[in-house]
Every structure is written in C-alpha cells, then in structure tokens.
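First the structure, in the form of structure tokens, and then the observations on it.
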Amino acid sequence: MKKILTFLVLLLAVSRLQAQEGSFSQTLLRLPISSHVAALGGENISLTEDAPWAGLSNPALLSGVSDLSLGLNFMTYAGGSKYAGAEFVKAFGERHTGMVFGQMLGYGEMNETDASGNVLGKFSPKDMVVGVGYSYLLSDRWAGGATLKGIYSKYADFSAFAVAVDLGINYFDEDRDLSLSATMMNIGAPLKSFDDRTERLPFNLQVGFTKGMAHAPVRFSLALTDLTHWRDKDFFHPSDEKMKFTTKALSHIVIGVDIEPAKFLYLSAGYNFRRAYELKAAGESHWAGLTAGGGVKAGGFRLGVAYAKYHMACNSLIFNAGYAF
C-alpha cells in the first residue's frame, strides 16, 4: 500500500507542474497506437488485454502482456500520410515487464518553395518516436508503469527534438471484471524547437474505467481526457463563438463498448465527443466522433482493425498484428 500511495502522490504532483503548458505540434503523440483503443473512441487507458501495444496507452498495462510479445502497427492518415510502428515486450520475473518501441508518421512527398512560391525541390516531412517502457506489479490488483520516449520531427530544413515521460497506474479486479486507471502523458519539454520557438508538449491527464457485465459478454469503457485544459483556446471552435461549459465538459469524455460473441473475437464501437464537436465546427459532420472495429485472438496471435475519422479530409484505418513467442 505504501508503494501505491507514493505512486499516486507522484502523479498528482507532476500533474500540477504540467497543468499550464503550450502546444508542441506533434500529431503522432495524439493518435492511438492500438486499433482496439481507436475503435473505443481513440482514448482508453483502462482496457486490459494481452497485446504488445497495450502499454502505449497506459504503461501500467504492460504488466498484463505476455513475455516475448511482438507487435506491428499501420495506419492510413490524412493527405496520403502513413503511420507505421512496432513494439516488443519482455517480462522479467513475475512483477517486472519491459518494452521497446518505435513509431513513425510520414506525410508523403511535398514541394519545397521559397517565400515567392518558387519550387526549390522535394521534401518528405516526418514525425518519429522511439522509447522504452517499464511496468511493476505493485500487488495482485495494482500496477504502475512509466515510459521514456524521444520525439523527433523533420520538416525540410526545420527539425525539433523532445524527451518525454508517460506515467500510469492501474487497478484491475479480475473477479469483478473492473479496471480503473489514471495516466499523465507527455511530461517533458523540447530540447530543440522549430526555428527556436518556445513550445511545450501536449500534456494529457486522463482517468478511465472499464467494466464488464456479469451475465453478458459486454464491457463498457469511459475515459476522461485532457483534464487540465478548460479554456476556449484549448479547443478548435468558431472564432466568433464562446464555448458553453457543457460543450467543454463533454469534450473531455470518450465512451466505448466491447462485445465478445466468442472468446477469440471482439467487436467494438465508441464515441469521442471532442472529435465530433471539432470536426463539425470545421464543417464535417458525417460520422464525426464515431469509431468502430474488431479483432481476433488465437493462441499467441492477435489481429485488430479499426475505423475512425481524425481529419475532415479523409477516413482512417488502423491495423495491429501481434504474436507472443
């Protein structure tokens, strides 16, 4: 219990330090890595599953991942952009679990021009993240974890680099099928910013729970996200309108549901209130905020796919494939 209380105090202390932060343009840090999480609305820190990408949503969830698990990820994004990544998980004894991972979001080839619009050549902008994760089983039901990651962006002659830490804690009662979590994502700062501008990372304080029904193969999830941001300028909205408090409150909520018609299969759906509001404010309302997906698991093999809309220009598909050796 002393270890658990110490971890909770650390979470609270760091969240106060990070509450006032600016914007560091890192799209990759805001996208879900797990297709299962993407299907549940794109924000979920309490979903406990034996999948190598579980620890990327909440490092504490690494404790439930099998030894020697390898995961591969791919996603289509706006404007022909492509995301790809991989993670490998290794257990050390009964309580310690580690992970290494890498991700890259490439935005395709673009024309490089000068101030007059003259084409100077081509360039391929990209964001990359590499890191390590660790989880410790504090007790039979409590686990804590941390992730250290380096973030690098390269846009033509401009580049940026940052170092960040994710912290998470999870309570899981298997008998009641109840999971409670809290995380702080992207605690850190740029070591090098674009054009030497002062920027900060997109800090995200989250709380969430997942609960399964006793007599039906159904689980419900609720995530409260971005809890330190409540100003109008923290959201995308029409510049001539003032946001209502109810709209801001709903924009912190993501809901999802899982149905498991068989032990090897899950079907998921979710709704992200903030994404729905911001896409509608940008002029896109078709399927805004809605997500869906599914996956199969057989032995050590995992496969998942999800649909979501992150940008008004296109729909996105995300795929995960994993295997526990």
Please step through side chain to side chain contact (heavy atoms under 4.5 Å, CB included) for the pair Asn204 and Glu43, ending with a clear verdict. CA-CA 11 Å; Asn204 190 354; Glu43 302 271 6; 4.0 Å; yes
Ser251: what forms a side-chain hydrogen bond (donor to acceptor under 3.5 Å, both in side chains) with it, not counting sequence neighbours?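 Listed in chain order: nothing, the list is empty.
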For the residue pair [X] and [Y], what are the closest heavy atoms and their distance?
X      : Y      : value
Gly42  : Arg275 : CA-NH2, 3.9 Å
Asp166 : Pro59  : O-CG, 3.8 Å
Ile33  : Ile318 : O-CD1, 3.3 Å
Leu29  : Pro202 : CD1-CD, 3.9 Å
Pro125 : Gly108 : CD-O, 3.4 Å

Residue list, ring-ring contact (aromatic ring centres under 6.0 Å, His included) with [X], at least two apart or on another chain:
X      : result
Tyr171 : Trp142
Phe172 : none
Phe325 : Tyr323
Tyr310 : none

All salt bridge (Lys or Arg N to Asp or Glu O under 4.0 Å) counterparts of [X], not counting sequence neighbours:
X      : value
Glu278 : Arg274
Lys248 : Asp232
Lys211 : none
Arg141 : Asp173

Gln103 and side chain to side chain contact (heavy atoms under 4.5 Å, CB included): which single residue from Asp127, Val130, Asn73, Leu56 fits? Leu56
May I ask you to decide if the ring planes of Tyr134 and Tyr136 are parallel, tilted or perpendicular, using 30° and 60° as cut-offs? parallel
Report the hydrophobic cluster partners of Met243, with the cluster defined as I, L, V, M, F, W, Y residues connected by side-chain heavy atoms closer than 4.5 angstrom, directly or transitively.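 Phe235, Tyr277, which link up through side-chain heavy atoms under 4.5 Å apart, make up the rest of the cluster.
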Clusters formed by hydrophobic residues whose side-chain heavy atoms approach within less than 4.5 Å: which one holds Leu137, and what are its other members?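 Direct or chained contacts put Leu137 with none.
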Verify same cluster id: Val37, Tyr77 (apolar side-chain graph, 4.5 Å): no
In terms of hydrophobic clusters joined by side-chain contacts under 4.5 Å, are Leu250 and Leu224 together?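 The answer is yes; both residues are in one hydrophobic cluster.
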Pairs involving residues 85-101, ordered by first then second residue, that meet salt bridge (charged side-chain N to carboxylate O under 4.0 Å, His left out) (sequence neighbours left out):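 Found Asp67-Lys90.
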Is the distance between the ring centroids of Trp53 and His36 under 6.0 Å?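 No: the rings miss the under 6.0 Å criterion.
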Counting only heavy atoms from other residues, nucleotides and ligands, does the tally under 6.0 Å from CH2 of Trp287 exceed 12? no
Stepwise side chain to side chain contact (heavy atoms under 4.5 Å, CB included) check, Leu61 with Thr48: CA-CA 6 Å; Leu61 299 180; Thr48 56; 3.9 Å; yes
Please test Asp258 against Leu47 for side chain to side chain contact (heavy atoms under 4.5 Å, CB included), starting from the C-alpha separation and ending with a verdict. CA-CA 10 Å; Asp258 278 317; Leu47 177 66; 3.9 Å; yes
Working for side chain to side chain contact (heavy atoms under 4.5 Å, CB included), residues Phe161 and Val163: CA-CA 7 Å; Phe161 179 73; Val163 175; 3.8 Å; yes
Yes or no on side chain to side chain donor-acceptor pair (under 3.5 Å) for Thr210 and Ser179, after CA distance, side-chain angles and deciding distance? CA-CA 5 Å; Thr210 298; Ser179 175; 5.3 Å; no
